[in-house]
Amino acid sequence: MSARLRLGINIDHVATIRNARGGSAPDPSRAAELALAAGADGITAHLREDRRHISDADIEALAVLTRRRGLPLNFEMAVTEEMKAIALRHRPHAACLVPERREEVTTEGGLDVAKGHNTIAPVVASLRDAGIRVSLFVEANPIQILAARDVGAQVVELHTGAYSDAVREGRPEAARYLQALRDAAAQAAGLGLEVHAGHGLDYETVGPIAAIPQVVELNIGHFLIGEAIFTGLEAAIRRMRLLMDHARAAAPAESAA
Ligand code: PXP
């Protein structure tokens with residue numbers, strides 16, 4: 001049996017609902033408290049440049065809350081000077097660098113680390129110097145994985161969006177996307193990178209990803225916040241945790257990379 005997977009809960013869309021009306025409810029910090037009580041291993045939040053969901057004040061509150069609880073905050077950020085300064089001010093446990101386009105509905109693709117080497121490498125260095133663990137959100141592409149190692153990241157988070165969409169839509173490419181994720185995880189671990197995964201995961205798609213032996217953390221948000229409307233956040237997280245743990249227990253242990 002492989003090691004227990006960590007589950008990070010992305011609470012961005014609690015803020016999306018709050019912002020639909022303005023005001024202060026529902027409060028992302030309250031969601032974070034509930035998530036931690038339900039067995040989450042950490043909280044993820046993306047402070048987008050346009051502040052469409054999480055606000056600067058949310059990040060401040062989440063940094064205080066997670067520090068008090070001794071649990072990690074994973075700060076998702078675009079590779080900009082503004083976001084770097086905010087990360088350096090709050091010093092979260094981890095920063096996950098993501099691509100960002102204002103017109104996108106969500107983070108649509110992985111970071112092009114190979115092309116962006118000269119911009120990304122100094123940001124990675126500054127964050128690491130401040131003691132922040134740096135993760136890069138990348139597609140399951142061997143060139144991007146190598147580039148992630150070359151810019152000095154400690155972690156890659158593999159983008160599971162294309163795989164999840166293909167499963168949900170019943171498209172045959174799902175198997176190919178899953179194999180690419182498996183290969184990327186093995187490659188990254190072989191290069192000494194820690195491997196995370198996330199985006200678009202739900203009860204149906206989480207199992208095969210949780211079963212990839214090199215993956216040590218999943219970050220899941222939108223589906224769980226939606227499911228919380230029907231079953232409550234704690235129940236949704238507990239069910240996700242169970243599905244992850246079952247898939248992990250049934251998976252073969254990691255073989256030497
Ligand atoms: N990981 C990263 C890097 C993301 O950008 C997101 C979405 O903000 C997630 C994980 C979570 O994706 P979802 O909300 O679809 O579960």
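Reckoned from all heavy atoms, side chains included, excluding hydrogens, waters and symmetry mates. We count ligands from 1, going down the list as the structure has it; atoms in each ligand are counted the same way. Sequential numbering from 1 along the given sequence is applied to the chain's residues.
You'll find the side chain of H196 reaches within 4.5 Å of the side chain of R6, heavy atoms only. Looking at heavy atoms from C-beta onward, V206 lies out of side-chain contact with F223 at the 4.5 angstrom threshold.
Screening H53, E100, R52 against H46 for a side chain to side chain donor-acceptor pair (under 3.5 Å) leaves a single residue, E100.
Between R168 and D165 a salt bridge is recorded (basic side-chain N to carboxylate O distance below 4.0 Å).
Some N or O of G200 is nearer than 3.5 Å to an N or O of ligand 1, by distance alone. An N or O contact shorter than 3.5 Å links G221 to ligand 1 by distance.
Among all non-hydrogen protein atoms, the one lying nearest atom 4 (C) of ligand 1 is E76 OE2, 3.2 Å.
Evaluated by nearest non-hydrogen atom to atom 1 (N) of ligand 1, the leading choice among H159, H199, E157, H222 is E157.
Below 4.0 Å from some heavy atom of V98 lie the following atoms of ligand 1, by number and element: 3 (C). In summary, the atoms of ligand 1 found under 4.0 Å from a heavy atom of D12, numbered by their order in the structure, are 8 (O). Each of the following atoms of ligand 1 lies closer than 4.0 Å to a heavy atom of N219: 10 (C), 11 (C).
For CZ of R21, the number of neighbouring non-hydrogen atoms (other residues, nucleotides, ligands) closer than 6.0 Å is 12 at most.
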